[in-house]
Number of protein chains: 2
Amino acid sequence: MVPRMAVVSSYHHGDLESALVEAAIALVRKYGPDHLSLRAVSADVGVSPSASYHYFQDKDALISAVGTILFDRLADLQEQAISKVSGNSMRSAKERFQAMGNAYFKWAVTEPNLYRLLFGGFCEMQEVPQDHKAWRLLSESLDELVSVGLISKSARQDGEVLVWSAVHGASSLIIEGFMPRQSFPEVLRGIQRSLGMK
Amino acid sequence: MVPRMAVVSSYHHGDLESALVEAAIALVRKYGPDHLSLRAVSADVGVSPSASYHYFQDKDALISAVGTILFDRLADLQEQAISKVSGNSMRSAKERFQAMGNAYFKWAVTEPNLYRLLFGGFCEMQEVPQDHKAWRLLSESLDELVSVGLISKSARQDGEVLVWSAVHGASSLIIEGFMPRQSFPEVLRGIQRSLGMK
DNA sequence: CAGATAATCTGAACATTGTATAGATTCACA
DNA sequence: TGTGAATCTATACAATGTTCAGATTATCTG
């Protein structure tokens, strides 16, 4: 009888699962992963606290879903940063590589709470990330550095793990206050030395 | 009247502050930093839940105290690992350097929950760690590599941040399942390449 | 189109948590 | 020895994760 704005009735939400995930992201962003409350998430969405149990087994399952989404979005940010640098020169290849690392670090320092949720042991990644976009982008960038002659094939060997470890470690140590923020460019230079990049 | 085994009465604990910290460490070790309960800590020590508020402002303060202790102990482990390698040769200097990294990684994989508490944003380090033992050991090890001629002075520049970032990042990514465990030696080799070590 | 069945959400309840406050117990010192 | 300070307990309260019975709506069957 009463006209409704929503697509569906107000009793059935329609897309509660992703609404809960988005609300959880917003709350973690504000208050940190350890202060996330299922009841606050439900209240933000406008639903009863019990409703989430139809989509997630428990609170940890919701957190894991958030982690999966955040990991995808981080990879999207890196892809976006790469795509902003055009050209086939050695210079642009190097810039793409650096843009990836800078995007990773920038996300860590602007969203430390999301970073902590993703990498702090709160969620168990269901997807084995070996063939994830994040790995692929890094691998392709290293391949490009080889093909344009910036690094050698032998130096490229095991480059992924060194690069990701150093960028991730610096980001983590900096947002937790163990390392000053200006150390990140130094780490980036050290990475390039490790790759024999000139 | 009744003979007592304890040094003090059973009402006054005697050294409640450190007992609470040790009990908290044991519980975090088992169940993770996010599932630590003040009440469980108190119960383990055999004390009322309110008693801890005479030594710690709140739960976060107890966690921070735990973090400070853990950081010190990690540095102790590294010092211990270094001290097991004797000699003044290039070889022993290199071994000491590697022993430090290996000790760090070993602690991370054997005590992932303690590692998460220390580096996962749960505690706010009160002590500025710039002059901490962990920094000093790393700095001295790098100096030694220079003095025995294993790395150059220019490569040593900013070596601390690269080394700590890569070792910490690899440890973190491995215990969270983002990276296979066997990647750590590769990261160590990459670090040594970055330092120009031969 | 009507009725049954399944999907979705609510309400109330329970145990557990962090924390505040008032009071009990014990220590240390005059 | 007794008085004040330090230390711990008891109780209480609001908030949290989770369960379960039932209410509401969607969807499918005839």
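Chain naming here is simple, since letters A, B, ... match the order of the sequence lines and numbering starts at 1 in each.
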- prompt: Given the side-chain rings of B:H168 and B:Y115, with only the six-membered ring counted for Trp, is the space between their centroids under 6.0 Å?
  reply: yes

Integer-rounded Å distance: D:dA12 C1' and B:R39 CZ: 10 Å

task: Report the relative orientation of the aromatic rings in A:F71 and A:H132; use parallel for angles under 30°, tilted for 30 to 60°, perpendicular for over 60°.
output: parallel

message: Working note: B:D158 + A:R189, criterion salt bridge (Lys or Arg N to Asp or Glu O under 4.0 Å); need CA distance, chi angles, decisive distance, verdict.
response: CA-CA 9 Å; B:D158 308 328; A:R189 283 198 297 271; 3.7 Å; yes

message: Less than 3.5 Å apart, any donor N or O on the side chain of A:S64 or A:E124 sitting next to an acceptor on the other?
response: no

field: Selection residues 140-160 of chain B - residue pairs positive for ring-ring contact (aromatic ring centres under 6.0 Å, His included), sequence neighbours left out
entry: none

message: Quick check on the 6.0 Å ring-centre criterion: do B:F122 and A:F122 meet it?
response: yes

- line: In numerical order, the residues of residues 48-65 of chain A whose heavy atoms come under 4.0 Å of DNA chain D are A:S50, A:Y53, A:D58, A:K59

message: Please verify the inter-ring angle class for A:F105 with A:F184; under 30° counts as parallel, over 60° as perpendicular, anything in between as tilted.
response: parallel

message: Under a 3.5 Å cutoff, is there a donor and acceptor pairing between the side chains of B:Q98 and B:Q192?
response: yes

Length of the CG-P vector between B:D44 and C:dT17, whole Å: 12 Å

- request: Please list residues of residues 21-37 of chain B whose heavy atoms come under 4.0 Å from any atom in DNA chain D, ordered by number; otherwise none.
  value: none

